[in-house]
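Here is the structure we will look at, set down as structure tokens.
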Amino acid sequence: MTNLATVSVLRNELTEVNEYMNKFFTQIDSNETLRTYKSTIGMFFKYVKGKEINQLNFEDLQLTLDDFDSYVSYMKTELDLANGTMSKRLTGTRSLLTFLHARKVVKDIAFLPAVKKLPNTSEGYGSFKDEEVFKLIEIAKEENRLSLEKQLLIKTAYDTCLRKAELFKMKWEDFFELDDDYVGFKGVGKWHKNFKRKISQKLYEELLEIKKDNSEYVFNIPSTEYTQSMQRMIKQLELPAQRNLVFHSIRKAGAKYHYRESNYDIAFVQRLLGHSNPMTTMKYIEVDDYGAVGAISSRDNKSSEFDIINNVDHRTLLQALENVDNTTKLLIAKELNKIINK
């Protein structure tokens, strides 16, 4: 039987901790900062301690560098967050610990300088090349568990440019028939934005192969399995760590494909990615804005390049085609299919 005195002490402790938390939040002047801090501090403790803010006791507040390292790893591998976003999510908790240490509630914050602000580069996570995505799909075939589901997760991410969270929220009921070649589906993405996508009938039929009778969701890979598997598969590509490649890098690769496939239509890709600002899209697909090319410069460059294409023999043209990237080959094949099937 639980001792009533123990319960009383625990309740008093929770109340006292809540009072300190409220004092911290009261000192914040900006309503926007207040909302952000409450949200990010809540997320931190929910992950590290498995508790809501109003359930914390004094022991829960005695954090370590390992707690922060674990949370950063979770934000990066599970949530695919950019460095700038991760830094913002840590700011509130750092400020809270400093506040509580000054009031002798938290004993040790000597480790806080080691919780450095992560470098906020405009590039964020790197992007896979198209051929690297195809290699990743091949590597997924060798996975011991859920091999087909992992292959199709990568294919769907590359095809639709959806975020990981959006992919794992896909339900079978969200699909609807468009025509003989395509199937559409709808969903709600980041910032509660509605979106619609379409995939080929062939890809949809492949997805049906992983459908589970006891689940309404398309993808059912456990979180731990997904994280460990993606880290393992990306490592097998043996690419430089400086490229900062994660699952989110597949979305970037898909965006670049659609950018080229749409004849370099930034507005189209912006809508596809759900970005509010076209400058975000340009950074995302790594477009360098050098300004417009002059009419004379443009004409001279294009005429010389097209003259080569128009005048070269068939055999040389095929040799050149072998050396271009897979995306260009896919686009050429797509145009050929249009001509053949007229």
Side-chain angles (χ1 to χ4, degrees), residues 43-51 66-83 85-86 89 124-175 185 187-190 197 199 203-241 243-254:
M43 288 187 285
F44 178 90
F45 281 104
K46 185 68 175 177
Y47 175 79
V48 172
K49 300 297 181 180
K51 295 181 178 181
D66 286 341
D67 290 325
F68 280 89
D69 286 344
S70 175
Y71 188 56
V72 168
S73 177
Y74 162 73
M75 289 191 291
K76 181 174 182 178
T77 59
E78 293 278 350
L79 305 181
D80 290 335
L81 297 182
N83 284 359
T85 304
M86 289 192 286
R89 288 199 176 192
Y125 290 124
S127 171
F128 283 115
K129 296 177 182 178
D130 301 288
E131 54 268 28
E132 292 168 350
V133 177
F134 300 140
K135 285 180 183 177
L136 202 58
I137 294 170
E138 291 301 312
I139 291 172
K141 291 181 180 179
E142 306 301 320
E143 283 290 292
N144 294 328
R145 293 188 70 251
L146 305 169
S147 171
L148 180 59
E149 191 164 350
K150 291 170 187 175
Q151 293 173 54
L152 291 173
L153 180 66
I154 296 169
K155 284 184 179 182
T156 309
Y158 180 57
D159 203 51
T160 63
C161 298
L162 290 177
R163 300 174 179 86
K164 185 197 78 172
E166 294 162 348
L167 289 164
F168 277 97
K169 288 179 183 177
M170 283 175 62
K171 296 181 180 180
W172 293 109
E173 65 182 25
D174 295 332
F175 287 93
F185 67 93
V188 179
K190 194 174 181 180
R197 291 287 193 280
I199 59 174
L203 178 55
Y204 178 68
E205 290 170 0
E206 289 183 50
L207 289 173
L208 288 174
E209 295 180 36
I210 62 170
K211 187 174 184 180
K212 292 179 172 60
D213 293 335
N214 60 346
S215 176
E216 60 182 333
Y217 295 99
V218 177
F219 297 105
N220 297 276
I221 304 174
S223 177
T224 303
E225 172 74 23
Y226 155 82
T227 302
Q228 295 175 350
S229 180
M230 285 308 306
Q231 289 175 336
R232 184 168 57 245
M233 289 191 290
I234 292 173
K235 189 175 182 180
Q236 286 185 55
L237 289 172
E238 297 182 342
L239 300 171
R243 288 181 58 187
N244 202 17
L245 299 169
V246 293
F247 183 81
H248 198 78
S249 303
I250 301 172
R251 168 174 153 91
K252 285 193 167 186

- With sequence neighbours excluded, tell me which residues meet side chain to side chain contact (heavy atoms under 4.5 Å, CB included) with Lys129. Glu131, Glu132, Arg243
- Message: Holding to side chain to side chain contact (heavy atoms under 4.5 Å, CB included), I want the full list of residues that pass it with Lys235, two or more places apart in sequence or in another chain.
- Response: none
As an exercise, state the distance from [atom1] of [X] to [atom2] of [Y], rounded to the nearest 0.5 Å.
| X | Y | atom1 | atom2 | answer |
| --- | --- | --- | --- | --- |
| Ser73 | Tyr47 | OG | OH | 6.5 Å |
| Ile210 | Leu148 | CD1 | CG | 6.5 Å |
| Gln236 | Met233 | CD | CE | 8.5 Å |
| Leu239 | Leu136 | CG | CG | 9.5 Å |
| Glu216 | Glu173 | CD | CD | 6.0 Å |
| Leu162 | Lys169 | CG | NZ | 11.5 Å |

- Message: Run the side chain to side chain contact (heavy atoms under 4.5 Å, CB included) test on Phe44 and Arg89 for me, step by step, so that the C-alpha distance in whole Å, both residues' side-chain angles and the decisive distance to 0.1 Å come before the verdict.
- Response: CA-CA 8 Å; Phe44 178 90; Arg89 288 199 176 192; over 6 Å; no
- Item | Short side-chain to backbone donor-acceptor contact, Ser70 and Asp67, under 3.5 Å | no
- Message: Using only atom types and a distance under 3.5 Å, with no angle test, would you say the side chain of Glu149 pairs donor to acceptor with the backbone of Asn220?
- Response: yes
- Message: What verdict does the ring pair (Phe, Tyr, Trp, His ring centres under 6.0 Å) test give for Phe168 and Tyr226, after you've listed the backbone C-alpha separation in whole Å, the side-chain angles of each residue and the deciding distance to 0.1 Å?
- Response: CA-CA 11 Å; Phe168 277 97; Tyr226 155 82; 5.6 Å; yes
- Taking side chain as C-beta onward, heavy atoms only, is Phe247 less than 4.5 Å from Leu167? yes
- Query: Tyr71 versus Met43: any side-chain heavy-atom pair under 4.5 Å?
  - Reply: yes
- Message: Applying ring pair (Phe, Tyr, Trp, His ring centres under 6.0 Å), can you list everything that pairs with Phe175, at least two apart in sequence or on another chain?
- Response: Trp172, Phe185, Tyr204
- Item | Residues forming a ring pair (Phe, Tyr, Trp, His ring centres under 6.0 Å) with Tyr217, sequence neighbours excluded | none
Which pair of non-hydrogen atoms, one from [X] and one from [Y], has the smallest distance, and what is that distance?
| X | Y | result |
| --- | --- | --- |
| Leu203 | Leu152 | CD1-CD2, 4.1 Å |
| Ala157 | Ile250 | CB-CG2, 3.9 Å |
| Val72 | Met86 | O-SD, 3.8 Å |
| Thr160 | Thr156 | OG1-O, 2.6 Å |
| Phe128 | Val246 | CE1-O, 3.5 Å |
| Gly126 | Leu245 | C-CD2, 3.8 Å |

- Residues, nucleotides or ligands: over 12 heavy atoms within 6.0 Å of Lys135 NZ: no
- Write out all pairs satisfying side-chain hydrogen bond (donor to acceptor under 3.5 Å, both in side chains) with one or both partners inside residues 136-147, taking only residues at least two apart or from two chains. Glu138-Lys141, Glu143-Lys150, Glu143-Ser229, Glu143-Arg232, Arg145-Glu225, Ser147-Gln151
- Item | Residues forming a salt bridge (charged side-chain N to carboxylate O under 4.0 Å, His left out) with Arg197, sequence neighbours excluded | none
